[in-house]
Amino acid sequence: MFLDYAELRNAILHTRGSHTGDPIAEPSDKVVEEFERIADQLENPPRVASVMPNRQVGLLDEASECAEFLDLVREHNFSQAPVRMGDGSLDLITTNAVARWLASEYKAFSGTAIEHASLGEVLKFSEAEDKVLVRSREMTVVQAWRVFAGLENNTPPQTPAITHSGKVSKKPLALVVRSDLPALLKVLLSLYGERRSRRLWYGPSYVQES
């Protein structure tokens with residue numbers, strides 16, 4: 001639709017009547033309103049913070065015991081949480097990392113005291129994509145999708161953490177996880193349609209399949 005309107009605009013603007021030189025047509029009020037809606041979307045794209053569910057973000061500490069993370073998993077059905085490291089940066093603890101750490105420590109017939117392990121120990125078993133990318137509340141849905149896809153500045157896939165100003169020193173207001181992707185995709189498709197959404201999240205190099 002956006003491309004159709006672009007062609008309509010060019011036809012009206014550049015094609016003149018043979019006698020008066022006036023435009024050959026005038027857009028209807030409905031078309032003008034749709035133009036204005038599209039312009040507003042381009043100038044004010046939907047922000048992640050506006051479409052994310054309102055849920056608590058459990059910020060943990062590197063020195064905390066693994067039991068604190070397991071409490072979040074049990075009470076809130078979380079599978080990951082941000083961790084404040086000793087140098088002030090943010091890392092990401094996941095249930096997968098806990099499982100790999102447990103497998104490495106487990107001894108047959110004896111087990112291991114997982115609840116007393118520090119998160120710093122468990123984080124050594126994180127996967128490469130278990131990283132946090134801090135962004136401000138202005139992060140758009142398109143930007144979040146591209147971060148997950150590993151298309152933002154040629155970085156590997158990461159988990160966006162939203163803070164008020166985008167500073168890593170601030171407490172995360174939201175953590176965008178993989179289960180949020182369907183909601184982000186729904187917003188993109190409702191606003192831009194499938195073809196344009198694909199170009200937005202894959203970039204200018206996207207070639208439509210025939």
Between the CG atom in L119 and the CZ atom in F69, the distance rounded to the nearest 0.5 Å is 8.0 Å

Does E62 reach the main-chain N or O of G86 with its side chain, forming a donor-acceptor pair under 3.5 Å? yes

Would you please name every residue forming a side chain to side chain contact (heavy atoms under 4.5 Å, CB included) with L59, sequence neighbours left out? P82, R84, L90, K171, P172

Counterpart residues, salt bridge (charged side-chain N to carboxylate O under 4.0 Å, His left out), relative to E68 (two or more places apart): none

Here the pair of heavy atoms bringing Q143 nearest to M139 is OE1-CA, 3.4 Å

Nearest heavy-atom approach of L60 to A81 is CD1-CB, 4.2 Å

Check whether any side-chain heavy atom of V83 lies under 4.5 Å from a side-chain heavy atom of L123, and answer yes or no. yes

Output side-chain donor-acceptor pairs under 3.5 Å for residues 72-80, partner residues at least two apart or in another chain, one line each.
unit_1: R74; atom_1: NH1; unit_2: D71; atom_2: OD1; d: 3.4
unit_1: R74; atom_1: NH2; unit_2: D71; atom_2: OD1; d: 2.6

Could I get the full list of salt bridge (charged side-chain N to carboxylate O under 4.0 Å, His left out) partners for D61, not counting sequence neighbours? none

Is there side-chain contact between V134 and K167, with at least one heavy-atom pair below 4.5 Å? no

Any idea which heavy atoms bring V48 and T140 closest together, and the distance? CG2-O, 3.4 Å

Spatial distance of atom CG (N96) from atom CZ (F125) [nearest 0.5 Å]: 13.5 Å

Going hydrophobic residue to hydrophobic residue with side-chain gaps under 4.5 angstrom, can you get from V51 over to V142? yes

Any chance you could lay out the side chain to side chain contact (heavy atoms under 4.5 Å, CB included) test for E65 and S118, step after step, and finish with the verdict? CA-CA 4 Å; E65 292 185 345; S118 72; over 6 Å; no

Can you name the closest pair of heavy atoms from L184 and A144 and give their distance? CD1-CB, 4.1 Å

Closest contact, heavy atoms only, A174 versus V57: CA-CG2, 3.6 Å

Heavy atoms, side chains only, cut-off 4.5 Å: are K131 and L92 in contact? no

Residues two or more places apart in sequence or in another chain: which of them pass side chain to side chain contact (heavy atoms under 4.5 Å, CB included) with A97? I93, T94, R100, V122, S126

Taking only residues two or more places apart in sequence, or in another chain, which ones meet D180 in a side chain to side chain contact (heavy atoms under 4.5 Å, CB included)? M52, P53, R55, V176, V177

Got a second to check how far W101's CH2 is from K124's NZ, nearest 0.5 Å? 11.0 Å

Do the side chains of H164 and S136 get nearer than 4.5 Å, heavy atoms only? no

Tell me whether M85 shares a hydrophobic cluster with L175, the cluster being built from Ile, Leu, Val, Met, Phe, Trp, Tyr side chains joined at under 4.5 Å. no

Taking all non-hydrogen atoms of both residues, which atom of L133 and which atom of Q158 are closest, and how far apart? CB-OE1, 3.9 Å

Distance (rounded to the nearest 0.5 Å) between R137 CZ and S50 OG: 12.0 Å

